[in-house]
Every structure is written in structure tokens, then in C-alpha cells.
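What you see below is based on every heavy atom in this structure, not just the backbone, and it leaves out hydrogens, waters and symmetry mates.
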Amino acid sequence: VQHLVESGGGSVQAGGSLRLSCTSSKFNLNLYCVAWFRQAPGTEREGVAAIDRDGPTTYAGAVKGRFTISRDNAKKTLSLQMNNLKPEDTATYYCAADICGRGGVRGLSGHLYPDWGQGTQVTVSS
């Protein structure tokens with residue numbers, strides 16, 4: 001059973017923006033390290049952005065300066081703001097989470113996250 005739900009995907013032209021959200025009806029995401037991963041057809045899954053329990057963030061080089069991961073602690077949700085989208089950003093985007101204590105760090109290592117959503121499709125046309 002998947003307890004994470006992604007939303008906000010869609011189709012945009014290059015240069016456009018999308019905002020993805022990750023929510024859970026089971027987990028208090030304020031207590032979790034959370035990351036976004038993506039996978040395009042025929043490619044390996046790659047880490048995009050991560051936010052640790054206390055707020056430090058990690059970004060893949062390909063998205064640094066364009067994507068921002070953030071928490072809304074009041075709503076217990078995670079967001080990924082994606083600006084200046086490029087065709088190479090086209091992929092299915094997944095939210096992943098692992099409960100972690102204060103100071104916990106997971107980064108962009110996918111194997112460290114036991115809980116995953118079903119993904120949301122992002123398509124960027126040139």
C-alpha cells in the first residue's frame with residue numbers, strides 16, 4: 001500500500017513552471033526526510049531534490065537553481081517548485097520518504113527511502 005500521493009504534474013512548454021506536491025494521509029511528513037526522484041522511459045531513476053528533517057536541502061546538478069523543494073509544516077506537505085523547465089525534465093516524478101530523527105540526513109540515495117508514491121507525469125515540450 002502506497003501512502004504517499006503526488007500531484008501537480010502536467011504538460012508545459014519549455015521555460016514554463018509546474019509545482020508538484022506530496023501528501024500523505026498516514027504519515028506526518030514533518031517527521032520525515034523526503035525527496036523527489038524522476039524516471040524517464042529507458043533511463044534509470046535519478047534523484048532530483050531532497051529535504052532533510054531539519055530543513056537542509058540537496059539538489060541534483062541538473063536542476064540546481066531551477067527547482068526548489070520546500071515544506072509546509074502547517075499542511076504537512078512537501079512541494080517541488082520547478083521553473084524554467086526543459087524538455088529533458090520530462091519524466092515521471094516520484095515522492096519518497098523515510099522517517100528520520102532530528103539531524104537525520106538521507107539525501108538523494110533512493111535506497112534509503114522505503115516509502116514511495118505512484119508518481120506524477122511531467123511533460124515538457126520544446
A.B. asks: Test of understanding: clusters of I, L, V, M, F, W, Y form through side-chain heavy atoms closer than 4.5 Å, transitively. Do Leu80 and Leu4 belong to the same one?
C.D. replies: yes

A.B. asks: Quick one about Asp72 and Thr77 (side-chain donor to acceptor, distance below 3.5 Å, no hydrogens or angles considered), yes or no?
C.D. replies: no

A.B. asks: Hydrophobic clustering (ILVMFWY, side-chain heavy atoms < 4.5 Å, transitive) - are Phe27 and Leu20 grouped together?
C.D. replies: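 Hydrophobic grouping puts Leu20 with Phe27.
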
A.B. asks: Thr90 side chain to Thr123 main-chain N or O, any donor-acceptor pair under 3.5 Å?
C.D. replies: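 Between the backbone of Thr123 and the side chain of Thr90 there is no qualifying donor-acceptor contact (under 3.5 Å).
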
A.B. asks: Whether the side chain of Asn83 engages the backbone of Ser17 through a donor-acceptor N/O pair (distance < 3.5 Å, no angle test) should be reported.
C.D. replies: no

A.B. asks: Flag yes if Leu78 and Ile99 sit in one hydrophobic cluster, no otherwise; membership is Ile, Leu, Val, Met, Phe, Trp, Tyr, and two members link when side-chain heavy atoms are under 4.5 Å apart.
C.D. replies: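 The answer is yes; both residues are in one hydrophobic cluster.
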
A.B. asks: At what distance, to the nearest 0.5 angstrom, does CD of Gln13 lie from OG of Ser126?
C.D. replies: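 One finds 9.0 Å between CD of Gln13 and OG of Ser126.
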
A.B. asks: Indicate yes or no: at least one non-hydrogen side-chain atom of Leu85 is less than 4.5 angstrom from one of Leu18.
C.D. replies: yes

A.B. asks: For the pair Tyr94 and Trp116, name the ring-plane relationship: parallel under 30°, tilted 30 to 60°, perpendicular over 60°.
C.D. replies: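 Perpendicular, since the angle between the ring planes exceeds 60°.
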
A.B. asks: Could you tell me the separation between the CG atom of Asp115 and the NZ atom of Lys26, rounded to the nearest 0.5 Å?
C.D. replies: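 So the CG of Asp115 and the NZ of Lys26 are separated by 9.0 Å.
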
A.B. asks: Would you say the side-chain atoms of Arg45 pair up with the backbone N or O of Gln39, donor to acceptor, closer than 3.5 Å?
C.D. replies: no

A.B. asks: For Gly47 and Phe37, work out which heavy atoms get closest and say how close.
C.D. replies: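 Closest heavy-atom pair between Gly47 and Phe37: CA-CD2, 3.3 Å.
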
A.B. asks: To the nearest 0.5 Å, how far apart are CZ in Arg38 and CD in Glu88?
C.D. replies: 8.0 Å

A.B. asks: Start with the C-alpha gap between Thr68 and Tyr59, add the side-chain angles, then the distance that decides, and say whether side chain to side chain contact (heavy atoms under 4.5 Å, CB included) holds.
C.D. replies: CA-CA 8 Å; Thr68 303; Tyr59 294 95; 3.8 Å; yes

A.B. asks: Give me the atom names and distance for the closest heavy-atom approach of Pro87 to Ser125.
C.D. replies: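 Closest heavy-atom pair between Pro87 and Ser125: CG-C, 4.4 Å.
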
A.B. asks: Kindly compute the distance separating OG (Ser21) from CD (Gln81), expressed to the nearest 0.5 Å.
C.D. replies: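 Nearest 0.5 Å value for the OG-CD distance: 9.5 Å.
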
A.B. asks: Taking the ring centre of each residue, are Phe67 and Trp36 less than 6.0 Å apart?
C.D. replies: no

A.B. asks: Measuring from atom CG of Asp52 to atom SG of Cys33, what distance do you get when rounded to the nearest 0.5 angstrom?
C.D. replies: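 Between atom CG of Asp52 and atom SG of Cys33 there are 5.0 Å.
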
A.B. asks: Tell me if a side-chain donor or acceptor on Tyr93 pairs with a main-chain N or O of Val48 at a distance below 3.5 Å.
C.D. replies: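 Judged by distance alone, no pair lies under 3.5 Å.
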
A.B. asks: Mark yes or no for whether Ser79, through its side chain, and Ser70, through its backbone, hold a donor-acceptor pair below 3.5 Å.
C.D. replies: no

A.B. asks: Going only through I, L, V, M, F, W and Y residues with side-chain contacts under 4.5 Å, is there a path from Tyr32 to Ile51?
C.D. replies: yes

A.B. asks: Can you tell me if Arg106 uses its side chain to pair, donor with acceptor, with the backbone of Ala50 under 3.5 Å?
C.D. replies: no

A.B. asks: Regarding Gln121 and Thr92, is there a side-chain donor-to-acceptor distance under 3.5 Å anywhere?
C.D. replies: yes

A.B. asks: I want to check something: taking the side chain as every heavy atom from C-beta on, are Arg71 and Lys76 in contact at a cut-off of under 4.5 Å?
C.D. replies: no

A.B. asks: According to a 4.5 Å side-chain heavy-atom criterion applied to Ile, Leu, Val, Met, Phe, Trp and Tyr, with indirect links allowed, do Val63 and Ile69 form part of one hydrophobic cluster?
C.D. replies: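 Yes, because Val63 and Ile69 connect within a single hydrophobic cluster, where side-chain heavy atoms sit under 4.5 Å apart.
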
A.B. asks: Between Arg53 and Asn30, is a side chain to side chain contact (heavy atoms under 4.5 Å, CB included) present by the stated rule, with each step listed?
C.D. replies: CA-CA 7 Å; Arg53 166 77 183 270; Asn30 293 351; over 6 Å; no

A.B. asks: Answer whether the closest heavy-atom distance between the side chains of Cys22 and Leu29 falls below 4.5 Å.
C.D. replies: yes

A.B. asks: If we ignore hydrogens and angles and just use 3.5 Å, is the side chain of Asp54 paired with the main-chain N or O of Gly103 as donor and acceptor?
C.D. replies: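 Present.
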
